[in-house]
Amino acid sequence: MNIVQSIHVPSDHVPLPNLSDQIGGDISHELRTPLTVIQVALDILSSGKLGNLSQQELRMVDIATNNVDRLMRLTNAIEGEPEAQTTFLSREALAQLRLERDLKMALIRNEFTLCYQPIVSLKQYEILGFEVLLRWQHPELGTISPEQFIPLAEKSNLICDIGTWVLETGCHQLRTWQQQLPDDYDNLRISVNVSSRQLANCDLIAQVEQILQETGLKSSNLVLEVTESAMMENAVTAKKTLEKLQSLGVLVYIDDFGTGYSSLSRLCELPLNVLKIDRSFVQKLNSPSGNQVVQAITNLAHTLGLEVIAEGVETVEQFLKLQLLGCNQGQGYFFAKPLENNAVTKLLMNKY
């Protein structure tokens, strides 16, 4: 029985409109605001109102003042002729600047949405849970791929705020489904990806506790997915955080397993419940080496007492091979594409 449903799959490429005028204004605005503050501070320092400065300190103030003046002249030039002054930036660089600026407002403007991809038992062919997938619907550029905006969010530290929103929204949605549907779905799980910055955030554990309390969701219904690289980035802190989360009853999955550089000894030490086989290995199941890698990961997981989920299952051949190799769970287009919440409600009500 196939639960695949057709939805729009976002393009990985965002159209790049003519942004020179607007970006020119953005650059001048971003420069002028802090420069004005710096100018005032330098004027106060040089006036002696905060005390007399040494000759060396006065020279440093003069150098800073000259640099601020130069940047102010650049700002004035950009405002006077933005298109000419921003030609030193490529079309792609201009679009990137615009994207970074808009990302800061996306959460406030409610431009983010969530989709949910089913995780299915390969034995009983039942839905066990859903992985939460973040989408950004830009008001002008349309749907923007996470591959484009997640790195920007991580670089600007917005990822913690966005991650908290995803966690809250996903848990609330699962609790809503449980309340709408029969008790058969009390054990459904919601899987939320957690970045390395979130793992390093001392508030993560308190946030999880608060969200579980507010939603009434059981801790065993919540899964946090962490990549190998995120775990290894700060292994000591990550281990402590994940251990505390597991003590709450929250499950921990290691995502995209096999693509990182974690050692087997370190893997044995980490508090985990499930290994997720990266889609790149699933796509190579038609080759002997691909079969061997998936078999090796599955055997390793079972030896460690862990479950295995195969990502990116797209064909019946992959589905059958994964069953033979001992992989008990899977997700991918063969079962369903990422679904909006109302589509998930219909899917569950139809008891696929």
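No hydrogens, no waters, no symmetry mates; every other heavy atom, side chains included, goes into these values. Every value quoted in this text rests on a predicted model; they were computed, and no experiment measured them.
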Measure the spacing between [atom1] of [X] and [atom2] of [Y] and express it to the nearest 0.5 Å.
{"X": "Leu325", "Y": "Leu285", "atom1": "CG", "atom2": "CG", "answer": "6.5 Å"}
{"X": "Leu134", "Y": "Ile144", "atom1": "CG", "atom2": "CD1", "answer": "11.0 Å"}
{"X": "Ser219", "Y": "Leu212", "atom1": "OG", "atom2": "CG", "answer": "6.5 Å"}
{"X": "Glu111", "Y": "Thr113", "atom1": "CD", "atom2": "OG1", "answer": "10.5 Å"}
{"X": "Gln198", "Y": "Leu204", "atom1": "CD", "atom2": "CG", "answer": "6.5 Å"}
{"X": "Leu188", "Y": "Leu348", "atom1": "CG", "atom2": "CG", "answer": "6.0 Å"}

Next on the checklist: side chain to side chain contact (heavy atoms under 4.5 Å, CB included), that's the test. Do Thr227 and Ile254 meet it? Break it down for me.
Outcome noted: CA-CA 5 Å; Thr227 63; Ile254 185 166; over 6 Å; no
ILVMFWY network linking [X] to [Y], side-chain heavy atoms under 4.5 angstrom:
{"X": "Leu242", "Y": "Ile205", "value": "yes"}
{"X": "Ile119", "Y": "Leu122", "value": "no"}
{"X": "Leu167", "Y": "Val252", "value": "yes"}
{"X": "Val226", "Y": "Val192", "value": "yes"}
{"X": "Leu114", "Y": "Val223", "value": "no"}

Evaluate the side-chain proximity of [Y] to [X]: yes if any heavy-atom separation is below 4.5 Å, no if none is.
{"X": "Gln323", "Y": "Lys123", "answer": "no"}
{"X": "Gln180", "Y": "Met349", "answer": "no"}
{"X": "His138", "Y": "Asp102", "answer": "yes"}
{"X": "Gln318", "Y": "Thr315", "answer": "yes"}
{"X": "Val308", "Y": "Ile277", "answer": "yes"}
{"X": "Leu199", "Y": "Thr237", "answer": "no"}
{"X": "Glu311", "Y": "Phe281", "answer": "no"}
{"X": "Thr345", "Y": "Trp177", "answer": "yes"}

Considering non-hydrogen atoms only, spot the tightest contact between [X] and [Y] and give its length.
{"X": "Asn201", "Y": "Cys160", "answer": "ND2-SG, 4.1 Å"}
{"X": "Ile127", "Y": "Leu347", "answer": "CD1-CD2, 3.6 Å"}
{"X": "Gly312", "Y": "Val282", "answer": "O-CG1, 3.9 Å"}
{"X": "Leu251", "Y": "Ser220", "answer": "CD1-O, 3.9 Å"}
{"X": "Arg135", "Y": "Pro338", "answer": "NH2-CG, 3.8 Å"}
{"X": "Gly330", "Y": "Val313", "answer": "CA-CG2, 4.5 Å"}

Do [X] and [Y] meet the criterion of a side-chain donor-acceptor pair at a distance under 3.5 Å?
{"X": "Thr164", "Y": "Gln207", "value": "yes"}
{"X": "Asn273", "Y": "Gln246", "value": "yes"}
{"X": "Gln210", "Y": "Glu214", "value": "yes"}

Checklist entry - Among Leu174, Asn193, Val166, Thr169, whose side-chain contact (heavy atoms from CB on, under 4.5 Å) with Val132 holds? => result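 Passing option: Val166.
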Are the side chain of [X] and the backbone N or O of [Y] linked by a donor-acceptor pair below 3.5 Å?
{"X": "Gln178", "Y": "Asp186", "answer": "yes"}
{"X": "Thr215", "Y": "Arg175", "answer": "no"}
{"X": "Gln213", "Y": "Glu209", "answer": "no"}
{"X": "Asn291", "Y": "Ser287", "answer": "yes"}
{"X": "Asn221", "Y": "Leu217", "answer": "no"}
{"X": "Asp278", "Y": "Phe257", "answer": "no"}
{"X": "Gln117", "Y": "Gln331", "answer": "no"}
{"X": "Tyr253", "Y": "Leu224", "answer": "no"}

Checklist outcome for this item: Applied to residues 145-169, the ring pair (Phe, Tyr, Trp, His ring centres under 6.0 Å) test, sequence neighbours excluded, yields Phe112-Phe149, Trp136-Phe149
Checklist entry - side chain to side chain contact (heavy atoms under 4.5 Å, CB included) between Leu128 and Val120: does it pass, once the steps are laid out? => result CA-CA 6 Å; Leu128 303 175; Val120 179; over 6 Å; no
Checklist entry - Is it true that atom CD of Gln179 has more than 12 heavy atoms of other residues, nucleotides or ligands lying nearer than 6.0 Å? => result yes
Item to check | Lys244, NZ atom: more than 12 neighbouring heavy atoms under 6.0 Å | outcome: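 Not buried by this count: 12 neighbours or fewer within 6.0 Å.
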Item to check | Verdict with supporting geometry, Asn187 and Lys218, side chain to side chain contact (heavy atoms under 4.5 Å, CB included) | outcome: CA-CA 9 Å; Asn187 293 323; Lys218 294 185 297 184; 3.5 Å; yes
If you look only at distance, which donor and acceptor atoms sit under 3.5 Å apart when one is on a side chain in residues 297-306 and the other is two or more places apart or in another chain?
| residue | atom | partner | partner atom | Å |
| --- | --- | --- | --- | --- |
| Thr298 | OG1 | Val294 | O | 2.8 |
| Asn299 | OD1 | Gln295 | NE2 | 3.1 |
| Asn299 | ND2 | Gln295 | O | 3.3 |
| Thr303 | OG1 | Asn299 | O | 2.8 |

Item to check | Audit row: Leu103, Leu99, side chain to side chain contact (heavy atoms under 4.5 Å, CB included) steps and yes/no | outcome: CA-CA 6 Å; Leu103 183 60; Leu99 212 57; 6.0 Å; no
Checklist entry - Under 30°, 30 to 60°, or over 60°: which ring-plane class applies to Phe130 and Tyr116, parallel, tilted or perpendicular? => result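 If you compare the ring of Phe130 with that of Tyr116, the planes turn out perpendicular.
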Item to check | Partner residues of Gln137 under the side-chain hydrogen bond (donor to acceptor under 3.5 Å, both in side chains) criterion, sequence neighbours left out | outcome: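 With neighbours one apart ignored, the set is Thr143.
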Item to check | Cationic N near anionic O, under 4.0 Å, Lys276 to Glu131 | outcome: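 Yes, charged N to carboxylate O under 4.0 Å.
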